[in-house]
Amino acid sequence: MLVVLCLPAPAAAAEPPPGGVAGVPVPRLAWADCGEGFQCATATVPRDYGDAGAGTFGLALVRLPARDQAHRIGTLFLDPGGPGGSGVELVRDEAAALAPLNARFDLVGFDPRGVGASRPAVDCLSDAENELFSRQPFLRPGLSVRGLRAGARYYGDRCLERNPGVLPYVSTANVARDLDLLRAAVGDARLTYLGFSYGTAIGATYASLFGERVRALVLDGAVQSATWHRDPIQAQDDFSAGFEQALDRFFARCAAEQPRCGFGGGDPKAAFDALLARLDAAPLPQPDGRVVDGDALRLVALATMYQPELWQVLALAASRAAAGDGTITRQVADLALGRDNQGHFDPAGDQLLAVFALDGDWPHGTQVYVREGRRAPRRYPHFFFNTGFPLLVYGKYPVRPRGVFRGPYHLTAAAPAALVVGNRYDPATPYADAVALTRELGNARLLTMDGDGHTAAFNGVSPCVDLTVTAYLVSLRLPPEGTVCPQQVEPFGPAAGLMARARRILDGVGPIPTAVATAGPRRR
């Protein structure tokens with residue numbers, strides 16, 4: 001067994017008590033106009049809640065004041081997930097969709113420590129290094145274990161070298177401690193919070209550490225501590241299984257609506273698998289010298305399962321690739337990797353890895369990852385690249401977390417009950433996790449959406465979910481036990497403006513880390 005290299009904790013610094021921020025100054029927020037009705041500010045928070053000498057983070061915030069100030073309830077904090085998702089971008093980009101909430105709440109989005117416009121922000125690889133990794137084929141059973149270890153260590157070493165004094169402090173527990181300071185900074189006695197995907201881990205951690213300060217929590221697209229923290233390899237298995245199920249639902253719907261889907265005739269799954277084999281054997285050359293191979297199309301399949309609105313993108317990309325044109329596949333694969341037209345890569349993929357590496361109790365040895373990697377293609381034939389081999393980068397990550405909390409989650413019975421929202425066929429955060437989190441918190445109600453795609457609220461897919469969540473946040477009115485909302489979405493809609501819609505949605509989902517070719521609970 002190989003042991004991960006760790007950064008030693010400062011000898012004089014004691015671990016902070018669970019959730020304790022006593023004695024930490026509340027940030028002063030100097031809100032300033034930043035256009036279109038938004039106000040921006042920076043909050044200064046400690047890097048280490050157990051060591052005042054470790055430095056600070058500057059957290060970027062944006063606020064959209066409540067429209068009905070006479071009946072204003074308070075502040076609604078929002079997080080879109082990731083890890084690596086920008087709450088600032090969420091509030092700016094989705095203000096129209098969130099208008100029912102903005103009537104009575106100031107909407108505040110924040111970029112968590114190490115993320116987005118907060119400073120310092122995690123950034124591990126250069127564009128050239130990202131480009132090199134992105135052009136490698138996905139890891140398969142015949143790879144060199146020595147090469148696998150070398151790649152994992154290279155990534156960890158670059159992260160450590162290029163982010164001095166940052167990496168030990170970006171765990172979800174410290175984000176929750178920051179959130180409590182932000183709650184106090186805006187003058188709210190209790191927290192009102194809406195978190196999507198990984199944002200549910202932030203909310204559930206806050207509930208566990210500061211439950212007596214909760215007013216209302218909505219956790220949409222839930223994770224549970226048993227897998228997110230204590231068995232992250234199983235979390236990735238669940239993720240891969242969820243995407244396989246989602247792709248099978250795509251194939252079935254495509255076959256049933258073949259004139260609208262337009263790919264694969266009577267057996268889209270067989271046609272897709274044949275196309276993957278063909279692209280693996282003979283990739284399509286692109287004008288910039290890159291190629292479209294089967295792995296590029298696999299990335300497109302992964303990205304487009306996040307929302308059924310994107311299923312038409314997969315059908316179109318596969319149809320064009322089958323005809324010898326890989327342009328759409330290449331464009332969408334680049335969006336999934338966070339690569340822009342100039343070859344610059346979004347560091348949100350590095351930020352995802354930095355947080356998940358601290359949050360999860362990752363095995364340090366190599367063999368468990370090799371074993372999982374060798375069996376992944378049999379279990380997850382289309383999405384094997386999320387499981388096993390690439391996860392070794394977490395096991396070899398050379399950083400010891402400071403102030404981490406790994407559950408179990410709970411919410412005191414003295415607080416108002418949380419509302420957990422679970423989508424029946426969510427590929428990224430399985431419905432079983434929403435059921436488990438509801439049970440784990442002990443003081444929560446489950447709202448179910450019967451539909452496809454990742455998360456449910458304010459996506460424009462279920463007015464029933466939106467109205468139920470709004471009623472809860474405004475009046476703390478929980479839906480009846482067993483409430484199920486329908487989904488209203490047409491996955492094979494008109495082609496006009498399709499790529500623009502895809503770019504908007506995938507910008508919200510966030511990039512897959514190129515260094516590990518993996519994903520996890522991510523942005524909406």
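Throughout, numbering of the chain's residues begins at 1 and tracks the sequence. No hydrogens, no waters, no symmetry mates; every other heavy atom, side chains included, goes into these values. The structure presented is a predicted model; accordingly, all values stated were derived computationally and were not measured.
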Step by step, work out the side chain to side chain contact (heavy atoms under 4.5 Å, CB included) result for Arg177 and Val24.
-> CA-CA 10 Å; Arg177 295 178 180 108; Val24 178; over 6 Å; no
Begin from the C-alpha positions of His229 and Ser171 and carry the test side chain to side chain contact (heavy atoms under 4.5 Å, CB included) through to its verdict.
-> CA-CA 11 Å; His229 294 294; Ser171 71; over 6 Å; no
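- Sorted by first and then second residue, the salt bridge (Lys or Arg N to Asp or Glu O under 4.0 Å) pairs with a member in residues 299-317 read Glu309-Arg501, Glu309-Arg504; sequence neighbours excluded.
- Contacts of Glu244 classified as side chain to side chain donor-acceptor pair (under 3.5 Å), with partners at least two apart in sequence or in another chain: His382.
- Glu36 CD: 12 or fewer foreign heavy atoms inside a 6.0 Å radius.
- Looking at residues two or more places apart in sequence or on another chain, you find a side chain to side chain donor-acceptor pair (under 3.5 Å) between Arg63 and Gln39.
- Atom CD of residue Glu490 and atom CH2 of residue Trp311 lie 10.5 Å apart, to the nearest 0.5 angstrom.
- For the pair Ser118 (side chain) and Ala60 (backbone), a donor-acceptor distance under 3.5 Å is present.
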Would you check, one step at a time, whether the test side chain to side chain contact (heavy atoms under 4.5 Å, CB included) holds for Leu247 with Leu314?
-> CA-CA 10 Å; Leu247 189 60; Leu314 177 58; 3.9 Å; yes
Hey, mind stepping through Leu125 and Phe345 against side chain to side chain contact (heavy atoms under 4.5 Å, CB included) and telling me if it holds?
-> CA-CA 9 Å; Leu125 298 182; Phe345 285 80; over 6 Å; no
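- You'll find the side chain of Phe110 reaches within 4.5 Å of the side chain of Val175, heavy atoms only.
- Listed by chain and residue number, Lys269 satisfy the salt bridge (Lys or Arg N to Asp or Glu O under 4.0 Å) test with Asp248 (two or more places apart in sequence, or in another chain).
- One finds the CD atom of Gln307 at 4.5 Å from the CG atom of Asn459 (value rounded to the nearest 0.5 Å).
- Ring orientation note: the planes of Phe250 and Phe492 are tilted relative to one another, at an angle of 30° to 60°.
- Closest approach of Leu219 to Gly203, counting heavy atoms only: CD2-CA, 3.9 Å.
- A search for salt bridge (Lys or Arg N to Asp or Glu O under 4.0 Å) contacts involving Arg445 returns Glu481, not counting sequence neighbours.
- Each of Val332, Val300, Thr304 was checked for a side chain to side chain contact (heavy atoms under 4.5 Å, CB included) with Leu310, and the lone residue meeting it is Thr304.
- Applying the side chain to side chain contact (heavy atoms under 4.5 Å, CB included) test to Asp433 and every residue at least two apart in sequence or in another chain returns Gln224, Thr227, Pro430.
- For Leu411 against Gly211, the heavy-atom pair with the smallest separation is CD1-CA, 4.0 Å.
- When each of Val474, Leu98, Thr75 is tested with Phe105 by the rule side chain to side chain contact (heavy atoms under 4.5 Å, CB included), just one qualifies, namely Val474.
- With a 4.5 Å cut-off on side-chain heavy atoms, Val91 and Val108 do not count as touching.
- In this structure Arg215 satisfies the salt bridge (Lys or Arg N to Asp or Glu O under 4.0 Å) test with no other residue, sequence neighbours excluded.
- No side-chain donor-acceptor contact under 3.5 Å links Asp334 to the backbone of Arg339.
- Counting heavy atoms from C-beta on, the side chains of Leu61 and Trp31 come closer than 4.5 Å.
- Atom OG of Ser225 and atom CG of Leu437 lie 8.0 Å apart (nearest 0.5 Å).
- Looking only at side-chain heavy atoms (C-beta outward), Val399 and Leu160 come within less than 4.5 Å of each other.
- When atom types are taken as modelled, the side chain of Trp362 and the backbone of Phe356 share a donor-acceptor pair closer than 3.5 angstrom.
- Between Ser86 and Gln351, every side-chain heavy-atom pair lies at or beyond the 4.5 Å cut-off.
- Side chain of Arg47 to backbone of Gly165: a donor-acceptor contact under 3.5 angstrom is found.
- Here salt bridge (Lys or Arg N to Asp or Glu O under 4.0 Å) pairs that include residues 403-431, with residues two or more places apart or in two chains, are Arg424-Asp450.
- Residues that satisfy the ring-ring contact (aromatic ring centres under 6.0 Å, His included) test with Tyr193, not counting sequence neighbours, are absent from this structure.
- The side-chain heavy atoms of Leu358 and Tyr169, taken from C-beta on, include no pair separated by under 4.5 Å.
- Using modelled atom types, no side-chain atom of Asn443 and backbone atom of His410 make a donor-acceptor pair closer than 3.5 Å.
- When all heavy atoms of Ser208 and Pro408 are compared, the pair lying nearest together is OG-O, 4.1 Å.
- When each of Asp466, Val218, Leu76 is paired with Leu101, the side chain to side chain contact (heavy atoms under 4.5 Å, CB included) condition holds for Leu76 and for no other.
- When the salt bridge (Lys or Arg N to Asp or Glu O under 4.0 Å) test is applied to Arg253, the partners found at least two apart in sequence or on another chain are Glu257.
- Counting only distance, with no hydrogens or angles, the side chain of Asn174 and the backbone of Arg402 share a donor-acceptor pair below 3.5 Å.
- Sorted by first and then second residue, the salt bridge (Lys or Arg N to Asp or Glu O under 4.0 Å) pairs with a member in residues 96-122 read Arg72-Asp106, Arg113-Asp178; sequence neighbours excluded.
- For residues 189-206, there are no salt bridge (Lys or Arg N to Asp or Glu O under 4.0 Å) pairs, not counting sequence neighbours.
- A distance of 5.5 Å separates CD of Gln487 from CG of Asp452, quoted to the nearest 0.5 Å.
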Please assess Asp180 against Tyr206 for the test side-chain hydrogen bond (donor to acceptor under 3.5 Å, both in side chains), listing each intermediate value before the final yes or no.
-> CA-CA 8 Å; Asp180 195 54; Tyr206 186 94; 2.5 Å; yes
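- Pairing each heavy atom of Val214 with each of Ala207, the nearest pair is CG2-CA, 4.3 Å.
- Thr205 contributes atom OG1, which lies 8.0 Å from atom CD1 of Ile202 (distance to the nearest 0.5 angstrom).
- Between Leu191 and Leu217 the shortest side-chain heavy-atom distance falls below 4.5 Å.
- Looking only at distances, a side-chain donor or acceptor of Ser240 sits under 3.5 Å from a matching main-chain atom of Gln236.
- Counting only heavy atoms from C-beta outward, the side chains of Phe239 and Leu302 approach each other to under 4.5 Å.
- Between the Thr200 side chain and the Val223 main chain, a donor and an acceptor come within less than 3.5 Å of each other.
- Between the CG atom of Leu391 and the CG atom of Leu353 there is a distance of 9.5 Å, given to the nearest 0.5 Å.
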Yes or no on side-chain hydrogen bond (donor to acceptor under 3.5 Å, both in side chains) for Thr192 and Asp188, after CA distance, side-chain angles and deciding distance?
-> CA-CA 9 Å; Thr192 304; Asp188 285 4; 5.5 Å; no
